[in-house]
Asker: 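Below is one structure. I have some questions about it.
In what follows, every chain begins at residue 1, and chains take the letters A, B, ... in the order their sequences are listed.
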There are 2 protein chains.
Amino acid sequence: MNFPAFRHGNNSGLDFAVHFCNFCLNRKKKSIMTLSEPEQSFILHWGEMGSRWGVNRSVAQIHALLYLAGKPITAEEIAETLSIARSNVSNSLRELQGWRLIETTSVLGDRRDHFIAIADGMEMAKRIVEGRRQREFLPTLSALEGMVKAAKADKATSRESANRMASTLALMEQADSWYREMNALSPKVQSGLLRMGARIAKLLPTSDKG
Amino acid sequence: MNFPAFRHGNNSGLDFAVHFCNFCLNRKKKSIMTLSEPEQSFILHWGEMGSRWGVNRSVAQIHALLYLAGKPITAEEIAETLSIARSNVSNSLRELQGWRLIETTSVLGDRRDHFIAIADGMEMAKRIVEGRRQREFLPTLSALEGMVKAAKADKATSRESANRMASTLALMEQADSWYREMNALSPKVQSGLLRMGARIAKLLPTSDKG
DNA sequence: CAGTTGTTTCAGTATGGACAGAAATATAAG
DNA sequence: CTTATATTTCTGTCCATACTGAAACAACTG
């Protein structure tokens, strides 16, 4: 540890630029989060759950940590707290940004990025769903479209087979359309519908012809 | 190939038991399905999709094959058609039965099980969702319950942290309750709601307080 | 009961993805 | 420009899981 020729109080009257000596920065760098036992199991289970749903463990754990922390923390802190490699943290953070589940913030006098998870659980869920839709659902949908077209044209494919593909496609398209419409509603209405549950069915015209 | 002392037509007048000579059975055994090109890509993509969603490739492929076939086929046929090991097929079939996505049927004069996928796409989707709920969602839910309790009791856990866990739990419980209610509705009403999409929101009391 | 056919279990192998650590690159400060 | 610091890319290792093929097991037939 070396302390350069910086001294507190010599910032020559600048109004906005705030500097810290390396000693302060170093002290800041050392702050590892200590996790309580329940917090640890939350993070562990979150990671476990993630890996069952096609999100890798580190990504899910980091997300859980940021979510629990509720305040901006640095990549390094994350790495030390969870004991995972700095590079892994870096990649995972980038992925989480890709899912729009975390954001970066700046802290005065610190060059490092500080990361924070979006706090609203509902919003979180929506972004995860939207992410999976974009990455997996939509590509499959368009692939299926192609296949159905090909199946109908191909005379080696039985009519029944082609029909089954087509109805699968139709079902998926309907589900997607339902999702898009629901997604477009205001959060207020969305949570209203959620809270309402099956009681909504009572509002349907009694002789439901669809 | 050896042909035992069985001859056509010597079934001694039994009404219901129908026998086939081994020659016939052997001929039956050889029938491998030939898949058209669109069918192949359907199966391949289905497998790909499965593996992205935590279902292993073989299981998903076999399911796709049975779904396309639309008629009962044997484990052996599946193995030969998809070129995967017989044992793998056996295990995968068992898993598919666990998900209630396929059923077994018997064919007269054939000891082997014949498998067929449920045909209704909507029903299929519902069973998949229910399966994942049972296997992954509910366990997580109860684990979370324990953690929230522990977090509230534990004084090393910050109030904010405990609250965040609690609200996550609450959201998941609400989602589950919504699902259960929707699931209990009749298929008719369900598809009515699906087709209706966001127009359902118009039926809500205008000043929606929830 | 012996022989045949079908199914499951088991143990070893292979493959894909996660991960660590090092090296390379970028950015800022003096 | 040099040095310090932050981040990303890259490469090899490790691990989990899927998968195969063989062997054990079970069920049925004559």
Side-chain angles (χ1 to χ4, degrees), chain A residues 1-7 10-12 14 17-26 28-29 47-48 50-52 54-62 74-80 82-95 97-98 104 106-107 109-115, chain B residues 1-7 10-12 14 17-26 28-29 47-48 50-52 54-62 73-80 82-95 97 104 106-107 109-115:
Chain A
M1 249 206 243
N2 55 341
F3 301 101
F6 178 97
R7 276 173 299 164
N10 68 350
N11 291 328
S12 63
L14 288 173
V18 179
H19 297 277
F20 295 93
C21 71
N22 275 356
F23 179 65
C24 291
L25 290 175
N26 277 337
K28 211 186 291 180
K29 200 196 292 179
E48 188 55 34
S51 72
R52 282 189 191 286
V55 180
N56 82 39
R57 192 172 277 97
S58 310
V59 172
Q61 285 186 353
I62 291 173
T74 66
E76 188 144 306
E77 267 181 296
I78 295 169
E80 292 187 27
L82 300 179
S83 327
I84 58 186
R86 184 64 185 72
S87 57
N88 193 5
V89 172
S90 182
N91 292 325
S92 299
L93 286 172
R94 172 199 302 228
E95 185 167 349
Q97 282 179 296
T104 60
S106 296
V107 168
D110 196 335
R111 270 166 53 197
R112 299 170 299 178
D113 274 346
H114 289 238
F115 300 88
Chain B
M1 250 206 243
N2 55 341
F3 301 101
F6 178 97
R7 278 172 300 165
N10 67 352
N11 292 328
S12 62
L14 288 171
V18 179
H19 297 275
F20 295 94
C21 72
N22 274 355
F23 180 65
C24 292
L25 290 176
N26 277 335
K28 211 186 291 175
K29 199 196 293 180
E48 188 56 35
S51 71
R52 281 188 193 286
V55 180
N56 81 40
R57 192 173 277 96
S58 311
V59 171
Q61 285 186 353
I62 291 174
I73 55 184
T74 66
E76 189 144 304
E77 268 181 297
I78 295 168
E80 291 186 29
L82 300 179
S83 326
I84 58 186
R86 182 65 185 72
S87 56
N88 193 3
V89 172
S90 183
N91 293 324
S92 300
L93 286 171
R94 174 198 301 226
E95 186 166 349
Q97 282 178 297
T104 61
S106 296
V107 168
D110 196 335
R111 272 167 50 198
R112 299 170 298 179
D113 275 345
H114 289 239
F115 300 87

Asker: For a quick check of understanding: with a heavy-atom distance under 4.0 Å over all strands, which category does B/Ser51 fall into, base, sugar-phosphate or nothing?
Answerer: nothing
Asker: Side chain to side chain contact (heavy atoms under 4.5 Å, CB included) with B/Thr74: which residues, sequence neighbours excluded?
Answerer: B/Glu76, B/Glu77, B/Arg112, B/His114
Asker: Tell me the interatomic distance from A/Arg52, atom CZ, to C/dA18, atom C1', rounded to whole angstroms.
Answerer: 17 Å
Asker: Measure from CZ on B/Arg94 to P on C/dC10 and round the result to the nearest Å.
Answerer: 11 Å
Asker: To the nearest angstrom, how far is B/His114 atom NE2 from C/dG6 atom C1'?
Answerer: 11 Å
Asker: When you check every protein heavy atom under 4.0 Å of nucleotides 11-17 of chain D, what one-letter string (B, S, -) results, 5' to 3'?
Answerer: -------
Asker: Could you tell me how far apart B/Leu82 (CG) and D/dT20 (C1') are, to the nearest whole angstrom?
Answerer: 15 Å
Asker: In whole angstrom, give the distance that lies between atom CD of B/Glu76 and atom P of C/dT7.
Answerer: 9 Å
Asker: A/Ser106: what forms a side chain to side chain contact (heavy atoms under 4.5 Å, CB included) with it, not counting sequence neighbours?
Answerer: none
Asker: Among D/dT7, C/dT8, C/dA20, which is the nearest nucleotide to the side chain of B/Ser90?
Answerer: C/dT8
Asker: What are the two closest heavy atoms between A/Val55 and A/Ala60, and how far apart are they?
Answerer: CG1-N, 4.3 Å
Asker: Identify the pairs formed between an N or O of the protein and an N or O of nucleotides 21-23 of chain C at a distance under 3.5 Å, and give each distance.
Answerer:
unit_1 : atom_1 : unit_2  : atom_2 : d
C/dG21 : N7     : A/Ser87 : OG     : 3.4
C/dG21 : O6     : A/Ser87 : OG     : 2.9

Asker: Kindly give the atom pairs (protein nitrogen or oxygen, nucleotide nitrogen or oxygen) under 3.5 Å for nucleotides 24-27 of chain C.
Answerer:
unit_1 : atom_1 : unit_2   : atom_2 : d
C/dT27 : O2     : A/Arg111 : NH2    : 3.3

Asker: Restricting both atoms to N or O, compile the protein contacts to nucleotides 12-14 of chain C shorter than 3.5 Å, with distance only.
Answerer:
none

Asker: Regarding B/Ser58 and B/Asn88, do their side chains bring together a donor and an acceptor under 3.5 Å, going by distance alone?
Answerer: yes
Asker: According to side chain to side chain contact (heavy atoms under 4.5 Å, CB included), who are the partners of A/Asn91, at least two apart in sequence or on a separate chain?
Answerer: none
Asker: Could you list the residues that satisfy side chain to side chain contact (heavy atoms under 4.5 Å, CB included) with B/Ala75, not counting sequence neighbours?
Answerer: B/Arg86, B/Val89, B/Leu93, B/Phe115
Asker: Please give, in whole Å, the distance from C/dG6 P to B/Ile78 CD1?
Answerer: 14 Å
Asker: Distance check needed: D/dG21 C1' versus B/Ile84 CD1, whole Å only.
Answerer: 14 Å
Asker: Taking only N and O in the side chain of B/Arg112, is any of them less than 4.0 Å away from OP1 or OP2 of C/dT4?
Answerer: no
Asker: Return the 5'-most residue of the pair A/Ala75, B/Ser83 with respect to DNA chain D, ranking by each residue's nearest nucleotide.
Answerer: A/Ala75
Asker: Answer with base, sugar-phosphate or nothing: what part of the nucleic acid does B/Ser58 contact at a heavy-atom distance below 4.0 Å?
Answerer: sugar-phosphate
Asker: Distance check, rounded to the nearest 0.5 Å: B/Ile78 atom CD1 versus B/Ser92 atom OG?
Answerer: 9.0 Å
Asker: How is A/Asp113 classified with respect to the nucleic acid when contacts are heavy atoms under 4.0 Å: base, sugar-phosphate, or nothing?
Answerer: sugar-phosphate
Asker: From CD of B/Glu95 over to P of C/dT9, roughly how many Å is that when rounded to an integer?
Answerer: 14 Å
